[in-house]
**Q** 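Starting off with a structure, shown below.
Note on naming: letters A, B, ... go to the chains in the order of the sequence lines (proteins, then strands), and numbering restarts at 1 for each one.
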There are 2 protein chains.
Amino acid sequence: MKSTINDVAARAGVSIKTVSRVINNEPSVRPATRKKVMDAVNELHYQPNLAARNLAGTRSYTIALIYDNPNAYYIIDMQNGILETCKARGYELLIHPSNSKSDTVIDELRALVEHSKVAGVVLTPPFSETQSVIDEVKKLGLDYVRIVSSGAAEGDEDNCIQVDDSGAAFDITKHLVEHGHRRIGFLCGGEEHVSTHGRLDGYKDALRQAGIPLESELIIPGEYSFDSGVAGAKALLALDNPPTAIFASNDEMAAGALFAARLMNVEIPQQLSIVGFEDSPFSRQTWPKLTTAHQPNSEIAKCAAALVLNKARSKSSSESASANKDAGIIKKFVPELLVRDSSGDAPAN
Amino acid sequence: MKSTINDVAARAGVSIKTVSRVINNEPSVRPATRKKVMDAVNELHYQPNLAARNLAGTRSYTIALIYDNPNAYYIIDMQNGILETCKARGYELLIHPSNSKSDTVIDELRALVEHSKVAGVVLTPPFSETQSVIDEVKKLGLDYVRIVSSGAAEGDEDNCIQVDDSGAAFDITKHLVEHGHRRIGFLCGGEEHVSTHGRLDGYKDALRQAGIPLESELIIPGEYSFDSGVAGAKALLALDNPPTAIFASNDEMAAGALFAARLMNVEIPQQLSIVGFEDSPFSRQTWPKLTTAHQPNSEIAKCAAALVLNKARSKSSSESASANKDAGIIKKFVPELLVRDSSGDAPAN
DNA sequence: ACGTCAAATGACAACGCTGTCATATAGGGG
DNA sequence: CCCCTATATGACAGCGTTGTCATTTGACGT
């Protein structure tokens with residue numbers, strides 16, 4: 001039933017080693033031979049056995065995704081993106097949810113390496129932005145890719161897929177400014193997230209460029225949660241001179257802001273514009289639907305996976321040195337403004 | 001660094017086969033020997049190599065989770081539950097999102113079996129309730145567990161973890177009745193889901209038991225989406241004699257109903273009670289927070305995984321026949337009523 | 001003390017593949 | 001046409017475990 005390398009070798013009339021060479025894209029195989037083998041492979045629908053490969057080779061055919069994120073939609077998108085790349089290249093995905101509060105990741109990482117061979121890991125925030133984790137991964141000699149907010153890429157750009165939070169926040173703010181808003185409230189995400197700072201920076205930059213003075217009373221601390229969105233919006237709307245627009249650091253907070261507005265009988269978007277960030281399914285279920293910034297998570301994941309796989313592969317010397325193998329891998333994403341119904345012109349006043 | 005079975009054998013002063021026997025819980029090992037081996041295992045932190053096991057044995061140490069569900073929270077819960085069981089028992093999880101619209105699952109299932117050995121699969125709705133998929137899984141001789149709405153368990157109870165939708169819906173409806181509601185609207189989920197019918201049945205049963213006549217105008221077809229919740233609630237509230245409570249088939253629809261109510265200036269829960277189902281994160285982000293039925297998804301997943309593993313294991317004859325190995329595995333769950341703020345006494349009238 | 005037999009243990013091949021190293025083969029220069 | 005060399009191919013040994021089957025051990029009855 002399941003054909004092995006031996007079957008292929010027999011059918012192609014070569015040794016199993018030659019088959020191995022072909023399926024691993026190693027050099028030193030005559031084109032004619034390569035074709036014979038490929039034909040046999042196709043006829044038999046041969047697929048190399050992963051367990052055997054992992055056992056025999058120095059390379060591994062498994063990568064791990066390390067995460068701890070309460071946002072299920074984000075994780076699912078990540079998984080799907082990585083899975084796509086893995087499937088295409090014959091790798092396996094090991095998913096590894098962990099807890100960023102306790103320090104167990106480090107140990108788990110070690111176990112992962114010792115226990116089953118892992119070719120590389122994809123780290124998502126907050127692990128991707130935690131120095132101790134990064135250090136350990138390096139120490140273990142693992143190939144890795146970090147998905148991070150641009151600010152956290154530092155001198156490690158080669159191993160990062162960046163998300164340009166400040167750029168996207170700039171765009172969003174600019175969108176509001178262009179609609180005549182001059183007083184724009186900003187609801188911050190959690191202090192500990194790098195993205196929080198990036199988004200705030202983008203907001204500030206856009207105001208500065210538009211010549212609008214920063215007003216600290218309009219910047220409210222928060223923590224990426226619905227409740228903090230409600231609270232923040234209430235605070236803003238209670239000001240003597242309330243803003244005509246609110247930029248919430250993510251969709252969940254924006255949904256909270258929307259509710260606060262409804263509560264206080266403020267019409268959206270006629271009296272107040274509200275925008276979010278992330279384009280989570282949330283943003284389509286509020287009413288009105290949220291203007292937000294779309295973050296192509298599964299595309300990001302696909303690129304991250306492709307990047308780790310290339311890293312892992314390039315270490316295997318027998319590999320034919322393909323020149324620009326990283327072609328097509330986008331390393332910096334800027335979430336795109338998505339105008340929906342929760343934002344509009346500033347009230348005539 | 002990474003210790004192998006050989007290291008353990010050497011340290012314990014036995015052959016590797018004996019070590020193998022011990023770690024696989026096979027009979028015919030003297031207690032004293034077993035202890036020696038276990039000591040060595042612990043001292044060396046020995047973990048059997050999965051690739052080798054998969055390669056050598058007839059058993060496999062990988063199970064797959066097959067799913068196609070837009071609800072990311074549900075999937076994540078499932079994954080976490082299964083992962084917990086797997087980790088505890090030294091298995092690996094292969095996640096396999098698929099598309100229920102196209103018929104590719106069947107082929108993918110075949111590939112899964114041929115390609116990498118898989119000990120068993122956990123099927124979630126809708127695959128778990130699709131006959132062609134179930135048939136194929138059986139044909140492939142795979143061990144499987146289906147997570148299904150009770151109605152779909154038929155004569156296959158041994159392979160099912162059931163969720164008692166009708167029972168939970170009964171409880172929810174009863175809760176409303178006990179608060180004096182006599183006219184209760186029901187927003188249906190999608191026709192194609194078995195759970196839709198189960199939930200509706202529970203609603204009907206509760207009314208019947210309370211001696212409340214069924215009124216077809218109060219039962220609105222829908223499809224488990226926010227929009228359909230909005231539409232359904234609007235329709236109900238527009239009736240000449242509108243209901244005093246609305247039972248939405250899931251939280252998303254309930255959120256929609258909440259919005260429709262706000263729109264029409266209906267106070268919740270003073271003028272109208274609204275309840276959902278599922279206890280998704282949604283239900284805590286609406287305002288007021290939703291009364292709903294809590295479905296312990298990760299617990300369900302844990303049991304499902306334990307069940308497949310037991311099945312897979314029992315086929316290995318060398319296994320010491322542990323009597324009631326399925327002890328502790330719950331095979332029928334009834335989601336539990338969770339009263340929050342969106343439901344209350346029927347208006348005095 | 002001895003034979004008996006089930007229970008306990010071990011030797012060894014095999015799983016499907018890759019890495020190493022030896023061997024064969026094809027061109028190119030004399 | 002032969003030798004040399006680079007290139008192409010193959011033989012074979014592992015990787016860490018389990019399955020099979022042979023061998024040893026110990027408890028028991030005599």
**Q** Would you mind building the protein contact string for nucleotides 5-15 of chain C? One character per nucleotide, 5' to 3', B for base within reach (heavy atoms under 4.0 Å), S for sugar-phosphate only, - for untouched.
**A** ---SBBB---B
**Q** Within the distance-only criterion (no hydrogens, no angle test), does the side chain of B:R11 pair as donor or acceptor with the backbone N or O of B:E43 below 3.5 angstrom?
**A** no
**Q** Would B:E136 and B:R110 satisfy salt bridge (charged side-chain N to carboxylate O under 4.0 Å, His left out), going step by step from the backbone distance to the final call?
**A** CA-CA 8 Å; B:E136 183 67 24; B:R110 279 194 201 117; 3.0 Å; yes
**Q** Please determine if a side-chain N or O atom of A:S20 lies less than 4.0 Å away from the OP1 or OP2 oxygen of C:dC17.
**A** no
**Q** For B:L50 and D:dG16, what is the distance between atoms CG and C1' respectively, to the nearest whole Å?
**A** 11 Å
**Q** Are side-chain N/O atoms of A:Y74 and A:N297 paired as donor and acceptor at under 3.5 Å?
**A** no
**Q** Given D:dG16, is OP1 or OP2 found less than 4.0 Å from the side-chain N or O atoms of B:Y61?
**A** no
**Q** Between atom CG in A:N49 and atom C1' in C:dT18, what is the gap in whole Å?
**A** 13 Å
**Q** Could you work out how much the helix from C:dA1-D:dT30 to C:dG30-D:dC1 bends, comparing the axis of its first five pairs with that of its last five, to 10°?
**A** 40°
**Q** Taking atom C1' of C:dG19 as reference, at what distance in whole Å does atom CD1 of A:I23 sit?
**A** 14 Å
**Q** Hey, is the main chain of A:I147 close enough, under 3.5 Å, to the side chain of A:T124 for a donor-acceptor pair?
**A** no
**Q** Where the side chain of B:R146 meets the backbone of B:A152, is there a donor-acceptor pair that is under 3.5 Å apart?
**A** yes
**Q** Whole angstroms only, please: what is the CG-C1' distance between A:N54 and C:dC17?
**A** 10 Å
**Q** Determine: side-chain N/O of B:N6 to OP1/OP2 of D:dG16, distance under 4.0 Å, yes or no.
**A** no
**Q** For the pair made of CG in A:N24 and C1' in C:dT20, what is the distance, rounded to whole Å?
**A** 15 Å
**Q** Distance only, no hydrogens: is a donor on one side chain within 3.5 Å (strictly under) of an acceptor on the other, for B:N54 and B:Y61?
**A** no
**Q** Does a side-chain N or O from B:T58 land closer than 4.0 Å to OP1 or OP2 of D:dT18, or not?
**A** no
**Q** Donor-acceptor pair, distance only, cut-off 3.5 Å: does the side chain of A:K331 make one with the backbone of A:D158?
**A** yes
**Q** Between P on D:dG19 and CD1 on B:I5, what's the gap in Å once rounded to a whole number?
**A** 11 Å
**Q** Verify the neighbour count for atom NZ of A:K87: are there more than 12 heavy atoms of other residues, nucleotides or ligands below 6.0 Å?
**A** yes
**Q** Are the side chain of A:S60 and the backbone of A:A119 linked by a donor-acceptor contact shorter than 3.5 Å?
**A** yes
